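A quick write-up on the structure given underneath.
All values reported here derive from a predicted model rather than from experimental measurement.
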Amino acid sequence: MHKQSAAWLVGAMGIFWILTGTPLTAGQATVKHGVSDSLEETTRDEAMEQALWELVNQLRANPARFYHQVIEPYLHTETAIHFSSHTVHSLRKEMLQSPPLPTLQSEERLRQTALLLAKDLVAHQQGRLSHTMSNGTSFAQRFRAAGMGCGAENLYTGLHRTAEQVLADWLIDEGVPGYGHRHNLLNPQYRSTGIVVLRNRKGQIWVVQDFGCMP
């Protein structure tokens, strides 16, 4: 068992289709490891946003290589969140069998809808993670307003986490039914993304990654 670190994960919002009206479904679970309650002023961490985007595309270019080079070493560090052998086995099997996936292009509309939610989580929801805004606007409604036909969303918050740690925690997806974060990251149907990272002075981050489908 590894030393627990500061991280929360919320079950990823799965793919939805606006044009066909398929109901939006999602499994949610949280893992809490000593996250700060501070809601002091936050700033955008654009360097981490860029790093996450690049790492996600490295992952998609060669999932098996990414597992060996990034995930395996992370699993043996003290900064890794608690994980079960079943979860690790499922991740190893999925990543080693995954073919190369299309690169995710940076999409401004997705970045703006991610920023809208990230600011709301910090300013109006006491920093808790939710795909629904404080005014009741749902994930699907935000995507419709941004002109996106279908997509998905990953959320994360934690203390003193690096881009590599955030991505590894999403891929491991301990305690998340259906491994929603992982499957969003490894879904070949997604072709664009927008990533926003907010950080406060104590080192707590809030990450929103939105995914868009191929045109």
Side-chain angles (χ1 to χ4, degrees), residues 1-16 24-37 48 51-52 55-101 104 121 127-132 139 152-190 193 195 197 203-211:
M1 181 176 297
H2 292 274
K3 177 182 177 182
Q4 293 185 343
S5 58
W8 286 24
L9 296 90
V10 161
M13 189 66 77
I15 186 171
F16 74 100
L24 180 63
T25 61
Q28 288 199 335
T30 59
V31 179
K32 180 179 179 181
H33 299 289
V35 176
S36 166
D37 292 328
M48 188 168 182
L52 264 172
L55 280 169
V56 169
N57 278 329
Q58 290 176 28
L59 160 70
R60 289 171 67 89
N62 192 327
R65 181 177 63 191
F66 195 89
Y67 180 84
H68 290 306
Q69 294 184 349
V70 178
I71 302 303
E72 277 189 329
Y74 174 73
L75 292 173
H76 296 92
T77 66
E78 290 188 354
T79 57
I81 64 173
H82 173 70
F83 47 83
S84 66
S85 58
H86 174 77
T87 299
V88 172
H89 176 74
S90 73
L91 175 61
R92 185 179 189 277
K93 180 178 179 181
E94 188 165 354
M95 291 186 69
L96 294 187
Q97 293 179 353
S98 177
L101 303 167
L104 295 180
L121 295 178
R128 72 181 183 90
L129 297 182
S130 173
H131 296 285
T132 301
F139 164 74
E153 183 167 81
N154 285 355
L155 304 179
Y156 186 100
T157 189
L159 281 168
H160 309 300
R161 305 300 280 172
T162 66
E164 290 84 357
Q165 291 166 342
V166 171
L167 184 52
D169 289 344
W170 270 339
L171 286 167
I172 296 168
D173 243 3
E174 184 69 46
V176 177
Y179 304 125
H181 301 100
R182 181 195 305 174
H183 292 162
N184 285 342
L185 290 162
L186 296 175
N187 190 330
Q189 190 166 14
Y190 299 140
T193 190
I195 303 174
V197 179
Q204 183 170 349
I205 59 169
W206 290 264
V207 186
V208 180
Q209 180 175 16
D210 284 344
F211 300 84

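For the atom pair CG of Leu167 and CZ of Arg161, the computed distance is 12.0 Å after rounding to the nearest 0.5 Å. Distance check, rounded to the nearest 0.5 Å: CZ of Phe66 to CG of Leu96 gives 13.0 Å. For the atom pair CG (Leu91) and CD (Glu72), the distance works out to 10.0 Å, reported to the nearest 0.5 Å. Going from atom CD of Glu164 over to atom CG of Leu55 covers 5.0 Å, rounded to the nearest 0.5 Å. Taken from OG1 in Thr157 to CG in Leu159, the straight-line distance is 7.5 Å, to the nearest 0.5 Å. Between the OG1 atom of Thr193 and the CD1 atom of Ile195 there is a distance of 4.5 Å, given to the nearest 0.5 Å.
Glu174 places no side-chain N or O within donor-acceptor distance of the main-chain N or O of Thr87, the cut-off being under 3.5 Å. The backbone N or O of Pro63 sits nowhere less than 3.5 Å from a side-chain atom of Ser98 that would complete a donor-acceptor pair.
With 3.5 Å as the limit, one finds no donor-acceptor pair spanning the side chains of His181 and Asn154. Looking at Arg182 and Ser90, their side chains do bring a donor and an acceptor atom within 3.5 Å of each other. Side chain to side chain, Glu94 and His183 meet the donor-acceptor criterion of an N or O pair below 3.5 Å.
Closest of all the heavy-atom pairs between Tyr190 and Ala152 is OH-CB, 3.2 Å. Taking each heavy atom of Leu52 and Ala163 in turn, the nearest pair found is CD2-O, 3.6 Å. Shortest non-hydrogen contact noted between Asp173 and Gly180 is OD2-N, 3.1 Å. Pro188 and Leu101 get closest at one heavy-atom pair: CB-CD2, 3.8 Å. Nearest heavy-atom pair across Met48 and Thr162 is CE-C, 3.4 Å. Considering all non-hydrogen atoms of both residues, Val88 and Tyr67 come closest at CG1-OH, 4.2 Å.
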Which is it for Trp206 and Tyr156 under the side-chain contact (heavy atoms from CB on, under 4.5 Å) test, yes or no, and what are the steps along the way?
-> CA-CA 6 Å; Trp206 290 264; Tyr156 186 100; over 6 Å; no
In sequence, state the C-alpha distance, the side-chain angles, and the governing distance for Arg60 and Leu104, and then conclude on side-chain contact (heavy atoms from CB on, under 4.5 Å).
-> CA-CA 8 Å; Arg60 289 171 67 89; Leu104 295 180; 3.5 Å; yes
Could you walk me through whether Leu185 and Trp170 pass side-chain contact (heavy atoms from CB on, under 4.5 Å), step by step?
-> CA-CA 8 Å; Leu185 290 162; Trp170 270 339; 3.8 Å; yes
Going through the distances and angles, do Ile71 and Leu171 end up as a side-chain contact (heavy atoms from CB on, under 4.5 Å)?
-> CA-CA 9 Å; Ile71 302 303; Leu171 286 167; 3.8 Å; yes
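For the pair Thr132 and Phe139, the minimum side-chain heavy-atom distance is 4.5 Å or more.
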